[in-house]
Amino acid sequence: GAVVSQHPSRVICKSGTSVKIECRSLDFQATTMFWYRQFPKKSLMLMATSNEGSKATYEQGVEKDKFLINHASLTLSTLTVTSAHPEDSSFYICSARRTGTNEQFFGPGTRLTVL
Amino acid sequence: SQQGEEDPQALSIQEGENATMNCSYKTSINNLQWYRQNSGRGLVHLILIRSNEREKHSGRLRVTLDTSKKSSSLLITASRAADTASYFCATDDSGNTPLVFGKGTRLSVIA
């Protein structure tokens with residue numbers, strides 16, 4: 001099966017600090033990965049599309065300087081929440097599309113709490 | 001952006017009853033998928049139905065798709081307490097686009 005991992009699974013940080021979240025495809029290559037955010041009792045909202053070797057594409061209303069995405073290899077994308085504030089507290093979920101297919105696999109999510 | 005709406009937003013039933021959740025979407029689609037999410041956890045893929053399919057079964061799950069009405073339904077038969085979760089539909093309009101999620105239905109199955 002295709003497994004996507006996220007690290008860390010949960011993180012608590014102080015306001016103003018930056019937090020990096022990793023998304024890895026463990027047994028397949030993923031040219032494209034996606035980052036979603038989910039607030040409590042709400043649905044998943046697409047934040048950005050991450051493409052290996054190129055700049056990410058951000059959805060309307062998502063600040064690219066606030067949420068830095070790096071997709072440096074075919075198995076790793078990172079999301080850095082810069083200068084985090086309490087309103088950034090959320091559940092962040094990544095997904096990875098297996099290269100050459102339409103199959104998309106989801107990571108287990110990262111719970112970010114900003115104090 | 002979100003593609004569609006799930007209906008109802010919340011559903012509470014007794015164990016053994018059937019649960020039906022509906023999903024409507026706005027644009028043409030390539031595939032429609034249903035996911036389950038337990039509170040605070042990741043997504044579990046349940047079933048995928050292609051735009052040229054009308055019905056699909058998997059165990060206690062039955063999914064229908066009506067592209068003329070831009071809607072889908074998920075039926076869980078003989079529900080169990082362990083089915084308690086949020087259920088989301090997600091669509092893509094081509095092989096290269098990300099999945100767009102509906103708002104979800106929170107299902108509570110009471111033992």
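Proteins come first, then strands; the chains are lettered A, B, ... in the order of their sequence lines, and each starts at number 1. Predicted model, so just to flag it, every value in this text is computed and none were measured.
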Q. Is there a donor-acceptor contact under 3.5 Å linking the side chains of B:R54 and B:T67?
A.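 Present: a donor and an acceptor within the cut-off.
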Q) Are A:T57 and A:T49 linked by a side-chain donor-acceptor pair shorter than 3.5 Å? A)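 On atom types as modelled, these side chains do not qualify, holding no pair under 3.5 Å.
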Q | Region of A:F105 in contact with chain B, defined by heavy-atom distances below 4.5 Å | A |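 No part of it gets close to chain B.
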Q) Where does A:Q38 contact chain B at under 4.5 Å (heavy atoms): side chain, backbone, both or neither? A)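 Contact with chain B is through the side chain of A:Q38 alone.
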Q. Is chain A contacted by the side chain of B:Q33, its backbone, both, or neither, given a heavy-atom distance below 4.5 Å?
A.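 Neither part.
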Q: Name the region of B:R106, side chain, backbone, both or neither, that has any atom closer than 4.5 Å to a heavy atom of chain A.
A: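 Answer is side chain: those atoms of B:R106 sit under 4.5 Å from chain A.
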Q. Are any of the side-chain heavy atoms of A:D88 and A:V19 separated by less than 4.5 Å?
A.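 A side-chain contact is absent here, since even the closest heavy-atom pair is not under 4.5 Å.
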Q. Is there a side-chain contact between B:R80 and B:E15 (heavy atoms, below 4.5 Å)?
A.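 Result yes, sub-4.5 Å side-chain heavy-atom pair found.
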Q | Residue selection (most heavy-atom pairs with chain A, distance under 4.5 Å) from B:S86, B:A90, B:G40 | A |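 Max contact count across the listed options: B:G40.
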Q. Strictly under 6.0 Å, is that where the ring centroids of B:F101 and A:F106 end up?
A.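 Centroid separation for B:F101 and A:F106: below 6.0 Å.
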